[in-house]
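First up is the structure itself, then whatever we jot down about it.
Sequential numbering from 1 along the given sequence is applied to the chain's residues. Scope of the values below: all heavy atoms of this structure, side chains included, with no hydrogens, waters or symmetry mates.
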Amino acid sequence: MFELAQLRCFTTVATELNFRRAAERLNMTQPPLSRQIQLLEHSLGVELFTRSTRSVALTAAGRAFFIEAQNLLERAHQAAASARRFAAGDIGSVSISFVGSAVYEFLPRVIAEARLNQPQVKISLSEMNTHQQHEALRTRRIDLGIVRQPLLQTGYENECLVREPFVLAIPRQHPLAAVDQVSVRDLDGAPFLMYSHAAYPPFNELLTGMFRSAGVAPEYVQWLGSSLTILALVNAGMGLALVPRCATNVVFKDVTFREIDLGEGIQSELHLTWRSNNDNPACLMLLEAIRAAVAAEMH
């Protein structure tokens, strides 16, 4: 089988129709150039040139092969360029999963930043709860997970991206909506919408534990799987709820938000998690874009 170097020699001679000028263009002497052409002709089993002491001309086979050789060299050039761009993270694809509340503020900002830095990288998004994302990472169905709870196992990397307080969501008609300062004690016995343990174990454990420590017992009327659903039911007047501050970006006409002191360490977190051996260059570049977006927001 012929080599790319032989194709370059052939197309240069075919363009110049002069071995001396072709050798000069290729920065080589005529004998090795002639040898490369002979090896190519032997490999193909056809003569590509007719030669005389005064001229060089392409044969019919040579003219047909010239077109194909140019195409092969162009495709080889494109393949090499694509490989370099893929290795640099400029092209490729990245699959990201995320918890629903990440889409309120954090994720749109990150995706916008990534599209500016890596416009040729395809980003596939899927919404999953934290447990589903951990499983998707284990089975390599996703590159990156945006989760509420890091995957603390060997072979995985985790990075806390966002820490923010919880705020109290109140139906507009509720008496607490008219109070400027709300405390945890005000929630004792109040109808309350809570994250379910099955769908949102980090928030469920954190908030129910906080209530127990404070000696406060809300009346849990529903256990739900997403901040959006919780806010929709607050809007319907079914109860109060604690949601991450980013959820205030979701506008419901009958929901009022109030700051509330829940005590030390009671805050919402978003973590980025990925496999330690993920060698997808586009994924690694996206990690940097995410870090840059978060850093810019903090400053």
Side-chain angles (χ1 to χ4, degrees), residues 97-112 125-133 146-149 161-270 297:
S97 61
F98 59 93
V99 292
S101 53
V103 80
Y104 300 150
E105 180 180 12
F106 172 77
L107 193 61
R109 188 173 70 248
V110 168
I111 297 304
L125 299 173
S126 55
E127 182 179 351
M128 304 180 189
N129 65 36
T130 293
H131 174 72
Q132 291 170 331
Q133 291 190 64
I146 299 173
V147 297
R148 288 296 180 187
Q149 194 171 39
L161 295 174
V162 177
R163 288 187 176 93
E164 62 180 350
F166 288 91
V167 296
L168 183 65
I170 311 169
R172 192 173 299 277
Q173 300 81 7
H174 194 279
L176 285 179
V179 177
D180 291 333
Q181 291 187 332
V182 182
S183 73
V184 174
R185 301 300 309 176
D186 294 324
L187 306 183
D188 193 43
F192 201 86
L193 305 164
M194 175 57 76
Y195 293 93
S196 72
H197 189 273
Y200 250 98
F203 283 2
N204 175 278
E205 294 167 5
L206 185 67
L207 296 177
T208 57
M210 179 272 299
F211 283 133
R212 286 193 299 270
S213 297
V216 172
E219 180 189 348
Y220 298 116
V221 295
Q222 294 290 335
W223 303 86
L224 301 160
S226 76
S227 298
L228 183 61
T229 304
I230 286 174
L231 290 176
L233 295 186
V234 172
N235 188 68
M238 292 187 64
L240 311 174
L242 290 167
V243 296
R245 186 165 59 189
C246 66
T248 61
N249 291 305
V250 182
V251 178
F252 285 95
K253 66 183 181 66
D254 290 323
V255 176
T256 298
F257 295 100
R258 289 288 182 270
E259 301 289 334
I260 184 170
D261 184 4
L262 301 179
E264 186 73 22
I266 307 300
Q267 57 190 356
S268 165
E269 295 183 349
L270 272 179
E297 182 69 17

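- Listed for the Gln133 side chain is a donor-acceptor partner under 3.5 Å among the backbone atoms of Met128.
- For the pair Gly265 and Leu206, the tightest heavy-atom approach, listed with the atom from each and the gap, is O-CD1, 4.3 Å.
- Note that the CE atom of Met194 and the CD atom of Gln222 stand 13.0 Å from one another [nearest 0.5 Å].
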Query - CA sep, side-chain torsions, deciding dist, call: Thr229, Leu193, side chain to side chain contact (heavy atoms under 4.5 Å, CB included) - result: CA-CA 10 Å; Thr229 304; Leu193 305 164; over 6 Å; no

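- Among residues at least two apart or in separate chains, ring pair (Phe, Tyr, Trp, His ring centres under 6.0 Å) pairs with a member in residues 221-251 are Tyr220-Trp223.
- Under the side chain to side chain donor-acceptor pair (under 3.5 Å) criterion, no residue pair touches residues 258-267, with sequence neighbours excluded.
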**Report entry** Pair Glu127-Phe98, side chain to side chain contact (heavy atoms under 4.5 Å, CB included): steps then yes or no
**Finding:** CA-CA 5 Å; Glu127 182 179 351; Phe98 59 93; 3.8 Å; yes

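- Taking all atoms of both residues into account, the shortest heavy-atom contact from Ile170 to Leu176 is CD1-O, 3.8 Å.
- Between Tyr195 and Leu242 the shortest heavy-atom distance is CE1-O, 3.3 Å.
- Distance alone, capped at 3.5 Å, places no donor-acceptor pair between the Gln149 side chain and the Thr130 backbone.
- Side chain of Asp254 to backbone of Pro171: no donor-acceptor contact under 3.5 angstrom is found.
- At distances below 3.5 Å, not a single donor-acceptor pair connects side-chain atoms of Arg172 with backbone N or O atoms of Ala177.
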Requested in this report: Start with the C-alpha gap between Leu224 and Tyr200, add the side-chain angles, then the distance that decides, and say whether side chain to side chain contact (heavy atoms under 4.5 Å, CB included) holds.
Outcome: CA-CA 8 Å; Leu224 301 160; Tyr200 250 98; over 6 Å; no

Report task. Give the intermediate values and the outcome of side chain to side chain contact (heavy atoms under 4.5 Å, CB included) for residues Glu164 and Cys246. Result -> CA-CA 8 Å; Glu164 62 180 350; Cys246 66; 3.2 Å; yes

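- Asp188 places no side-chain N or O within 3.5 Å of a backbone atom of Arg185 that could act as its donor or acceptor partner.
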